[in-house]
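Okay, so here's the structure we're looking at.
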Amino acid sequence: MRKNLEEREEQKRKKDVGRFLNEAKPVQGTVKNSVRNREFAVVTYLFLTIFLGMIAYFAYFQAEKSEAFINSPYNARQDAFADRIRRGDILSAQGDVLATTKTAADGTETRSYPYGRMFAHAVGFSTNGKSGIEAADNFQLLRSHAFFLEKIWNDIQDKKNIGDTVTTTLDMAVQKAAYDALGNQRGALIAMQPATGKILAMVSKPDFDPNTIAADWDSITADSANSVLLNRVTQGLYPPGSTFKIFTLLEYMKEHRDYKSYAYQCGGSLTEEGNVIHCFGNAVHGQEDLKAAFAHSCNTSFSSIGLSLDLKKFRKTNESLLFNSDLPCVFPYKQSSFVLQPGDSSWEIMQTAIGQGKTLVTPYHLALVMSAINNQGILMKPYIVEKVTNYSGTEVTETVPQEYGELLTPKKASTLRQYLKEVVAQGTGSALSGQSYQAAGKTGSAEYTSARDSHAWFAGYASKEGMPDLAVSVVLEGAGTGGAKAVPAAKAVFDAYFQQ
């Protein structure tokens, strides 16, 4: 009986163990399934996140970036647009046709530039490559926002739609004055409104006739001496001459709070370590304060100032004013360069302080700096296209003025404006005094040969009540002094603008 009882207990124990094992199996399976489900969810959410990210980027690209990619000069897709769209017109700010497409009876299209050379570098050309506005706004000119039923009907008839019209900020009177002022002289001139960034005139010489660019191509490209395709406004690098004294002056003011007590006795020359700097024309200016030294463009005074500066700080100041920096520009451009650094010789320092040495600048860059000084230290982003419309005048896009950034404080800008006014009031820019407008600026005579041949510079601005101010930067290659040659060119532009 005892044996039977033990057998029954053993059988019960085995049943209990079996029941336990059977109950434990589903628990293990549940754990494994739970782990697998979690892994699957992670992978699913990961791919879902990637997919949603791609959708978001695609929407962003379509809204913000697609036109920039399509408008790239390297995008061959643009060439296909010309097969079904007739290139749109380019107009001046007043509505004058600067570029249009003429279609012959046999369907042959010819790009026409009614004003020829006058807008050569600003408007550009669209044959043998593209330049100027023709290149920068190629996409806008090769798309059509005509009424959609009209486009459908044209497509049915296998006719081209008419491309959109680009209206520029270029002012006909100001552009003509700038073009005439340069005459046959090599050089460049740009005029822009500091408060908006609108470019009203852009002239570079030597120039070319965009109507005959294809026929003249071989001779133009073979003429490396004249480089007529080079837009000297944005791509011409020149020693700045005395216009650079603006930057030297600013650094001196930043380093010396007592700059108003500055005094210097100009004897016509300055010798340092055997190197001699002369004032232009060996002039002797006598006793000068800082404002008089700037107005008279005294080389010896500013060379002396240069020797007192902290070169690291000087470089930093110049780079904050866009030297060695990218510029806001829709056209191809070259960076202005400032290379002076600690350890350079006293000769390099004296030369650089007066705008000689190795410093190079474009007329465009100086126009930006003058615009910022005029506009309380704020540089507005320059633009040359006012709006885009369809061919019948319905607006597609319009450019709104935007701030590019603060180049200098309002206080420093205000002080510089006082000094620039003095140049016109009693200094080298006196030919601009006594006008219906008030002008300010800085002249320059930048020597570029051992024979002391010099480029003539003027960079400044003018104001008249009831009108936006106008900034002008002009360089005339090998013309001589800024006061005698560049100032009259700037005056012609100011006269044309303020007499409208």
Side-chain angles (χ1 to χ4, degrees), residues 194 234 237-262 272 277 290-291 293-294 297 299 301-329 333-382 403-420 442 444 446 457 459 471 473:
T234 60
L237 286 170
Y238 303 90
S242 291
T243 61
F244 187 77
K245 289 171 184 170
I246 300 165
F247 303 90
T248 306
L249 172 66
L250 177 60
E251 180 58 27
Y252 183 79
M253 290 176 172
K254 291 171 71 172
E255 292 187 28
H256 299 81
R257 293 186 178 181
D258 61 344
Y259 65 86
K260 290 183 180 179
S261 63
Y262 175 87
E272 182 72 22
I277 292 287
L290 189 57
K291 189 173 286 187
F294 185 73
S297 202
N299 285 341
S301 177
F302 273 81
S303 288
S304 176
I305 287 173
L307 292 169
S308 73
L309 299 179
D310 182 317
L311 298 188
K312 283 186 178 180
K313 292 180 179 179
F314 196 19
R315 186 184 186 94
K316 184 177 180 180
T317 292
N318 284 303
E319 291 183 346
S320 71
L321 291 169
L322 304 180
F323 276 96
N324 308 326
S325 305
D326 293 336
L327 302 178
C329 190
Y333 69 90
K334 292 182 179 178
Q335 289 185 359
S336 298
S337 61
F338 178 83
V339 299
L340 192 65
Q341 57 187 353
D344 283 344
S345 68
S346 59
W347 176 244
E348 284 292 333
I349 296 170
M350 291 191 294
Q351 286 278 294
T352 301
I354 62 173
Q356 297 294 153
K358 298 175 183 177
T359 304
L360 295 172
V361 69
T362 63
Y364 182 74
H365 180 192
L366 283 185
L368 299 186
V369 172
M370 280 296 174
S371 293
I373 292 171
N374 172 272
N375 194 43
Q376 311 300 320
I378 300 295
L379 174 63
M380 300 300 290
K381 188 176 180 180
E403 286 189 11
Y404 177 75
E406 183 179 270
L407 300 193
L408 63 166
T409 66
K411 184 176 180 180
K412 288 291 190 297
S414 177
T415 302
L416 288 179
R417 288 196 298 274
Q418 297 173 25
Y419 279 69
L420 292 168
K442 186 70 189 76
W457 274 103
S473 175

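A donor-acceptor pair under 3.5 Å links the side-chain atoms of S473 to the main chain of P363, judged by distance alone. A donor-acceptor contact shorter than 3.5 Å is absent between the side chain of T359 and the backbone of G355. T243 places no side-chain N or O within 3.5 Å of a backbone atom of G444 that could act as its donor or acceptor partner. Between the side chain of D258 and the main chain of S261, no donor-acceptor pair closer than 3.5 Å is present.
With 3.5 Å as the limit, one finds no donor-acceptor pair spanning the side chains of E272 and S346. Defined by atom type and a distance below 3.5 Å, a donor-acceptor pair is missing between the side-chain atoms of Q335 and N324.
Contact check for V361 versus F338: no side-chain heavy atoms found under the 4.5 Å cut-off. With contacts defined as side-chain heavy-atom distances shorter than 4.5 Å, the pair V339/D344 does not qualify. Side-chain contact between L408 and L416 is present, with heavy atoms from C-beta onward closer than 4.5 Å. Contact check for L420 versus F294: side-chain heavy atoms found under the 4.5 Å cut-off. In this structure, K381 and E403 have side chains that are not in contact, with every pair of non-hydrogen atoms separated by 4.5 Å or more. Using a 4.5 Å heavy-atom threshold, the side chains of Y364 and L368 count as touching. At a threshold of 4.5 Å between non-hydrogen side-chain atoms, the residues I373 and I246 count as touching. Using a 4.5 Å heavy-atom cutoff, the side chains of T234 and T362 are not in contact.
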| task | Would you please test L290 and K260 for side-chain contact (heavy atoms from CB on, under 4.5 Å) and show each step? | result | CA-CA 7 Å; L290 189 57; K260 290 183 180 179; over 6 Å; no
| message | Does E348 form a side-chain contact (heavy atoms from CB on, under 4.5 Å) with K358? I'd like the steps, not just the answer. | response | CA-CA 8 Å; E348 284 292 333; K358 298 175 183 177; 3.9 Å; yes
| Can you check side-chain contact (heavy atoms from CB on, under 4.5 Å) on H256 and S308, steps first, answer last? | CA-CA 10 Å; H256 299 81; S308 73; 4.2 Å; yes
| Where do F302 and Y252 land on the ring pair (Phe, Tyr, Trp, His ring centres under 6.0 Å) test, with the steps shown first? | CA-CA 10 Å; F302 273 81; Y252 183 79; 8.5 Å; no
| field | Step-by-step side-chain contact (heavy atoms from CB on, under 4.5 Å) determination, Y262 to M253 | value | CA-CA 10 Å; Y262 175 87; M253 290 176 172; over 6 Å; no
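Residue K254 qualifies as enclosed at atom NZ: its count of foreign heavy atoms under 6.0 Å is above 12.
Atom-to-atom distance recorded for I354:CD1 and S297:OG is 8.5 Å, nearest 0.5 angstrom. To the nearest 0.5 Å, atom NZ of residue K316 and atom CG of residue D310 are 10.5 Å apart. In this structure, L250 CG and F314 CZ are separated by 9.0 Å, a value rounded to the nearest 0.5 Å. Rounding to the nearest 0.5 angstrom, the gap separating the CG atom in L340 from the OG1 atom in T352 is 4.5 Å. The distance from the OG1 atom of T415 to the NZ atom of K291 is 9.0 Å, given to the nearest 0.5 Å. Rounded to the nearest 0.5 Å, atoms OG (S304) and CD1 (I277) are 11.5 Å apart.
Residue A353 comes nearest to G306 through the heavy atom pair CB-CA, 3.8 Å, listed as atom of the first residue, atom of the second, then distance. Heavy atoms only, all atoms of each residue included: C329 and Y333 are closest at CB-CD2, 3.7 Å. Across every non-hydrogen atom of P240 and A446, the tightest pair is C-CB, 4.1 Å.
Exactly one of K245, Q351, Q356 qualifies for a side chain to side chain donor-acceptor pair (under 3.5 Å) with N299. That residue is K245.
The aromatic rings of H365 and F247 lie tilted to each other, with the angle between the two planes from 30° to 60°. Between W457 and Y238, the ring planes lie perpendicular to each other; the angle is over 60°, past the 30° to 60° tilted range.
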